[in-house]
Amino acid sequence: MATDAPYLAARGVSKSFFGNPVLRDVSIELYPGRIHALLGENGAGKSTLINLLSGAMPADRGTIEIDGNPVPRMSPAAAQAAGIAVVQQELSVTGSLSIAENIGLGSYPRRFGIIDYTELSARAGAAASLVGLHEPLSMPVGNLPLGRRQMVEIAKALYRKPRVLILDEPTSSLSASEARILTELLQKLKGEGVAILFISHRLPEVMALCQHVTILKDGVRTADRSIAGIDADGLVRLMVGRDPGDLFPHWTTARSRAKAIVIKGFSSGLIREADLEIKTGEVLGIGGLAGQGQEDLLLGLYGATPAETSAAEVNGNAGLPRSVSQANAMGIAYVPADRKREGLHISHPIITNLLLPGFARAAALRLRNRIKEGEIAKGLAAHFAIKGDLDRPAQALSGGNQQKVALAKWMPHQPQVLLLNDPTRGVDVETKREIYIMLRQFASDGKAVVLLSSDTPELVHLCDRVVVIREGRIVSELQRADLSEQAIVAAAVGAEPTVTAA
Amino acid sequence: ASDASAAAKCIKGDRKAPFTIGWANIYSVPTWMKQTQGTIEAEVEELKKQGLVDKLVVTDAQGDANVQIQQIQSMIDSDVDAIILIAGSSTAPARVVADACAKGIAIINFDSLVDSEDVTAKVNTDSNQWGDQAAKFLINAIGGKGKILVLNGPAGISVSDDRRKGANAALAANPDVKILAETNTAYNVAPAQEAVTSLLFANPEIDGILSLGGALSAGAILALDKQGRPMVPITGENARQFLELWKEKGLTSWATMQPNWLGAFSTYIAVQALQGKDIPAFVKVPLPIIDNSNIDQYLAKAGDFPADGYIYSPYDHALFDKMLAEQ
Amino acid sequence: MSGATTPAEQAAPPLYWQVQRRRNGDLFGLFAVVVVFLAAYGFLFPGFFTLPGFAKFTQSWFPLALVAMAQAILMLTGGISLAIGAMVSLGAVIAATTMAGPLGVGGGTAVVALAGLGIGAATGLIVVKLRLPAIVVTLAGSFIVGGAALLILPRPGGAVPMWLSDMLAGNTPVAFLILVVIVVLWKIYLATPLGLAIYAAGENPVGAYRSGIRVDRVLVSAYAISGLLSACAGLFVAAQTGSGDPVIGTAFTLNSIAAAVLGGIGFLGGQGSMRGALAGSLLLSLMISVMFFLGFTPVAQYVAQGLIIIGAVAIPQFRRKR
Amino acid sequence: MNSSTSAASFTRRASMVLRSRPFLTFATVLLVWAVASVMRPGFGAFGHLRYLVELASVIGLVAAGQTFVVIAGGIDLSIAAIVTVSAVSLPLLSIDADPTGLTAILATLVMTTFIGLGNGLGVAYLRVHPMIMTLAMATFLQGLLIIIAGGSAISSQNPLVAWLGNARPAGIPAGVFVWLGVSALVLLIMHATPLGTRIYAIGANPLASRLSGVPLQATTTVVYAISGFTAGLAGVLLLGMNGQGYVGIGDPYLLASIAAVVLGGTSILGGLGTYAGTMPGALLLVTITALITVVNASAGWRSILFGSLVLILLLLSGREKVRR
Ligand SMILES: Nc1ncnc2c1ncn2[C@@H]1O[C@H](COP(=O)(O)OP(=O)(O)OP(=O)(O)O)[C@@H](O)[C@H]1O
Ligand SMILES: Nc1ncnc2c1ncn2[C@@H]1O[C@H](COP(=O)(O)OP(=O)(O)OP(=O)(O)O)[C@@H](O)[C@H]1O
Ligand SMILES: [Mg+2]
Ligand SMILES: [Mg+2]
């Protein structure tokens, strides 16, 4: 701990993509035994900085130093050799390989040039149990839900017994209990003298875990200081450059007696025999541990996976939609959690993404009207504060802005029911705030909003009502007055309401 | 039906009429093949009436010589009495054919021949002679000197190579005949037309076209016609389209043929051999010649043949017997 | 041979075999179809169960099995090759022109192997370093390689020593044993870091690169191995037929793709397994013999072939949906 | 209104066009034409270039459907068989009552469209991989050809087909007009209709498209039907140009169509590309083929030269991609 040189440092690095500067003269130093937070809005350049630190990309200017010595040509292999491990924001796991093979990827134990599966089993098993990954090591990672894959990614970093551990939004797809395991683990590693760099948009986590913070704004370092003596509001101020308001909006219920959706004896995927009524003007929260069937409920309602029900009514029509197009016609829209895979066409321009639901339902051979399309898209972009040229591919947008596109594209069709699957995953605070305001606005416009969220505070602060799902069944329904994080977690893990410590 | 105690090669064991004949086709879809199969089927019908054949087993290797090997193996496994074969490659089926021969099965190989002595008989026209006669006609037709194009069949195939080699002697003997360019294409109209068109533009003066088979000649005529170039002497094969264009454009031409009835003839030979007759190892079929003197006879029958097919000369058992006797 | 298997076995204990077992899971449908066809073949042609019968059948299957593997490796990396057929032809003509000469069988085999590895690696380098689409690079490659085969042997000919033909394509299942050895070697390769990385590099190249894998090296190696396998298929075809033919391989290009896709190898990289590709090639090969013994006419063969291929893919799909 | 900004946007657009893949491919074609004309004077003759464009129109038509299919994330390996079926069966579908021959053409196109539709249904509803489905379809069609080929004892002289294959209104081959017409339609559908957008969408991300309400199965089916249609049209044109259809007439067009699509910059993985690139791609292919034909060399060397030229020209027109 007493070394004066940081384990890993960037000195005055700059990077631009196609002439757009993303990082300008940024420095950062990672010391052993310290958890260092890297904060910034979506698109501030955090992931890019990490890519430079880990050799995944070369810097345009500036140097990377290991133990105080500049490294002329940094590469992932060189970083690995120096004990630097990265948990990427974009998962780097391979679906067709087993958990163990993923964990060991890039540094397998060998005997006679051949992977030593016995050794791999032992070492990968140890790394997996550190993060609470108890699935069989031979299971293909493709069979795991997103949150568990993230744990594989973390185990992969730990497997290398790193001196420097860099984590890019590791918690964004983790459930509360998984996140807790991770926090405890990081504390332990810190105690062992590992240098840790931690990126998250969840400020309470950062406040609890980190000792030092570096803040980026538009690619420029705006702060590099100890976290002691600063509160969450202070951090937000440094990130966005002005005073933050409250994260959650104040609202009064707009719930009416009219029912948007009624289902009885609904089964789809993991969901068994669910009964549910969704009223217009309400935000209905859906909670539970990850992977209990919450997503199947939304997809079943949306006609995207086959569902059975004994009785159903949607916006006055009997029966459930049997296909996505039918669901759209009935006024249901769905915003998926996994933006890149399910929500957007990232290689296509932002404008076509925004207009796709319109194209999906328009007469196939009617001529397009580019001028009108441009106006609609510009209107949406303005309303949702999506900045920049709409002809760029959606890839070029930061995560939060991508999420806004995924939401905005439904607006021209005035959906009566919005099914939202974790809409704030990986989104920065400012954008979160905007999205929260929109959600409540939708409800007060008389729409029904179904909000599936892994972020329990969202459920507590935004919802008129929350249903909790466990093992495919609705186990609890909490009204606004009864909502609290403890109550939701207790219902999720199946504890008696009084026994809140689960 | 007599005991097949080995007058002809390969045949062994207790092979009694009625026989099962296997027809190992390389590819049954092209029209030439379909016409050939027609002659085989007609022959089999006739032999069935005589109580000599009871079954024709047909395989189609879909153009793949490796599949043909597998199918011949299956014919051996099911112990047919004779195999009639157009080889997909002049080398590939050699071993499996030898295996069949060792098992006592009569092998009659026609059209595309296999480099193996372990067959009962090979039945074919002479490809070298084909090239030679075509070249001589053309050299003669252009008066012993001039610039010509040579249109070959696909590269890497024995038949097209043999025909081309056959033309060498005559061409060497006439140094005033200059070859402007050569092509290798499938024996089809479209690729020949494309190639000849490009060659016409690259070579303003052309006196004749030595086309060595299939429908290449038709493609060449279409190219000349479409680009408004004068017709020149062309050699060719008995493709109906070529013969019709020849007449229509008033050409001086020459064509020979690979008669489709080689199939019927081979079937006939197979049964003869199985019955104990002595069969020569190579049955050479003379090349029928079509020229301006007899083209009308062929065109008179055109309606009996597919539009994209080949107008072959008439045949019957008497002709077969005569050819066998002449060997 | 037991010497070759030892390292894989050492890598074996539980985890290795568990991983292998799970990879079988997806292929149940195809395996079932293949078993039905094998049973049908055995029933229609009892001679299949004799040693020569088995030997002959596996000899027909062998080259297709090799090219299916060659194609599958590339498709696992997210690539594809349209030059497989030309490589087979080249392997065949090299074998037929060298083996009977002073180089002998050993030298000829070495030349074939080197040509396969070298051309494969060169193709890989062009695809990887110049970032050109594999499908056009290999299409161009098929003309270049096919042209080279024609230069070496302008018409069918050449010779392969008799004893080699008798050994590989005689009445003993040597070809099958060689296939077993090749599969074992492939399993060993897959148990090396370079081999297993094919999956990572094919499915998620960026992720693989960031995990410290030298993706370029993995891809070029895969292309080299693919070239080697295709050229060896050519060597076998030459031995099987006793001589060389410069266009013998043409049909293998599409057949290798059909076998691989039938075996569940995806187009996008990283999906599927070699046992699937082998099962796919086996099905294609079995189909030909089974249809013969069922006495199908050519028209029926074409129709049945189409239906079997579609069915083998569609039926397992429906089973999974239930 | 504001002339300086509109001029700026014009230069921006112009530079975009100049650096676009279709333009680069087109420039490559012109370059090859220029070089070849200098080296072989006859090559650059108007008549020859006109013939090359006429030949390209057949590849261009086949590749139009292939472009749609590839953009939609699939591939059509049945194209060669469809072209053949079209050229071979048209004479069989002729009706004596119609002296123009139009009904036979329409009947043929309806038939090939239905064949394509069959591909689409298999891919969309049976979820058979496109390669497998279309390969199996090609196999079916071979069976069909055995039945119908050679069945036309009477060669039907269809005047409209003959006109399409041989006439040169205004000095330009009729086939080229057909190609231009189809190209305009294809570009319109691709870039100016919701259907086109849906096709790009399902190719780039089928799952996201489905969740956005794009009728995945219907769109997939339509795409293969279009491919059947354009292949059928190419067959009609080929029949006219050669005076006679025959089995195997379509064979060269399978790889040619794929090569034209990829040379034109369309991603073989789907979702990106345009027919505007495929068009010069088709021209490039026939140009290289013609170039190789006039070179005096053995078959082996010509084949090697052809492959090398494709590779080199791919480098030229594909440079944009490398820079990324
Ligand atoms: N490969 C790339 N090509 C082009 N632009 C890129 C690329 N990678 C990142 N960018 C751009 O660089 C900027 C910074 O991106 P980066 O991923 O570093 O942001 P971030 O701070 O990690 O954001 P988030 O919180 O959303 O993860 C963004 O505007 C992004 O669009
Ligand atoms: N990517 C997929 N993964 C799994 N199942 C799917 C997928 N796509 C479609 N399905 C299944 O296919 C069936 C039909 O889907 P759906 O009717 O929603 O398609 P669509 O795009 O609306 O088709 P159409 O063209 O008929 O309108 C559903 O039962 C659904 O479960
Ligand atoms: Mg990031
Ligand atoms: Mg993010």
Side-chain angles (χ1 to χ4, degrees), chain C residues 78 80 82-83 86 126 129-137 139-154 246 253-255 257-258 260-262 264-269 280 297-315 317-318 320-321, chain D residues 70 73-75 77 122 125-133 135-147 254-256 258-259 261-263 265-270 281 288 292 297-315 318-319 321-324:
Chain C
I80 193 165
L82 298 182
I126 293 174
K129 294 293 179 198
L130 303 180
R131 286 176 211 285
L132 295 174
I135 193 162
V136 199
V137 172
L139 179 63
S142 76
F143 287 100
I144 298 174
V145 174
L150 277 174
L151 288 184
I152 296 173
L153 203 59
T253 300
L254 273 189
N255 284 342
I257 296 175
V261 181
L262 196 54
I265 308 271
F267 212 10
L268 300 175
T297 63
V299 175
Q301 282 175 32
Y302 281 108
V303 173
Q305 194 172 328
L307 285 177
I308 294 166
I309 291 176
I310 295 178
V313 176
I315 293 168
Q317 290 266 11
F318 279 106
R320 204 174 308 154
K321 230 177 141 184
Chain D
V70 170
I75 194 158
L77 301 181
Y125 292 90
L126 297 179
R127 288 178 202 289
V128 179
H129 190 286
M131 275 199 174
I132 290 288
M133 182 63 219
L135 208 55
M137 177 61 83
T139 311
F140 281 138
L141 295 179
Q142 296 265 307
L144 178 72
L145 280 170
I146 297 187
I147 299 173
L254 173 57
L255 289 182
I258 296 174
V261 169
V262 184
L263 278 175
T266 295
S267 161
I268 195 75
L269 299 178
I288 304 174
I292 296 308
S298 78
W301 281 116
R302 262 186 277 151
S303 180
I304 292 177
L305 206 57
F306 182 85
S308 312
L309 267 179
V310 171
L311 212 52
I312 291 165
L313 296 179
L314 182 68
L315 265 176
R319 233 175 44 172
K321 200 161 181 178
V322 181
R323 220 184 293 149
R324 273 173 188 242

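Order of the sequence lines fixes the chain letters, A, B, ..., with proteins taken first and strands second; residue numbering starts at 1 for each chain. Everything numeric here is computed off the predicted structure, so don't read it as measured data. Values below: all heavy atoms of this structure, side chains included; hydrogens, waters and symmetry mates excluded.
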Legend entry - Leading residue by heavy atom contact count with chain D [cutoff under 4.5 Å; candidates C:Gly141, C:Gly306, C:Pro246]: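 Winner by heavy-atom pair count: C:Gly306.
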Checking heavy atoms, do the side chain of [X], its backbone, both or neither come under 4.5 Å from chain D?
| X | answer |
| --- | --- |
| C:Ile80 | side chain |
| C:Ile152 | neither |
| C:Leu139 | side chain |
| C:Ile310 | both |

Legend entry - Options D:Ile132, D:Ile258, D:Leu311, ranked by heavy-atom pairs under 4.5 Å with chain C, top entry: D:Ile132
Inset, instruction - Enter the distance from C:Leu132:CG to C:Ile126:CD1 here, rounded to the nearest 0.5 Å. - result: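 So the gap between those two atoms works out to 8.0 Å.
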Inset, instruction - Let me see the working for C:Val137 and D:Leu314 under side chain to side chain contact (heavy atoms under 4.5 Å, CB included), right down to the final yes or no. - result: CA-CA 8 Å; C:Val137 172; D:Leu314 182 68; 4.2 Å; yes
Inset, instruction - Please report the shortest heavy-atom distance between C:Ala258 and D:Leu135, naming the atom on each side. - result: CB-CD2, 3.4 Å
Just list the side-chain donor-acceptor pairs under 3.5 Å for residues 302-310 of chain D, sequence neighbours left out, or say none.
| unit_1 | atom_1 | unit_2 | atom_2 | d |
| --- | --- | --- | --- | --- |
| D:Arg302 | NE | D:Ala297 | O | 3.1 |
| D:Arg302 | NH2 | B:Glu182 | O | 3.2 |
| D:Arg302 | NH2 | D:Ala297 | O | 3.3 |
| D:Ser303 | OG | C:Phe143 | O | 2.6 |
| D:Ser308 | OG | D:Ile304 | O | 2.7 |

Legend entry - Residue D:Leu269 versus chain C: region with a heavy atom under 4.5 Å: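 It is the side chain, since no backbone atom gets that close.
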Inset, instruction - Select one option (side chain, backbone, both, neither) describing which atoms of D:Leu77 are under 4.5 Å from chain C's heavy atoms. - result: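 The answer is the side chain of D:Leu77.
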Legend entry - Which residues share a side-chain hydrogen bond (donor to acceptor under 3.5 Å, both in side chains) with C:Gln301, sequence neighbours left out: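 With sequence neighbours excluded, C:Gln301 shows a side-chain hydrogen bond (donor to acceptor under 3.5 Å, both in side chains) to no residue whatsoever.
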Inset, instruction - Evaluate side chain to side chain contact (heavy atoms under 4.5 Å, CB included) for C:Ile309 paired with D:Val128, printing each intermediate quantity in order. - result: CA-CA 10 Å; C:Ile309 291 176; D:Val128 179; over 6 Å; no
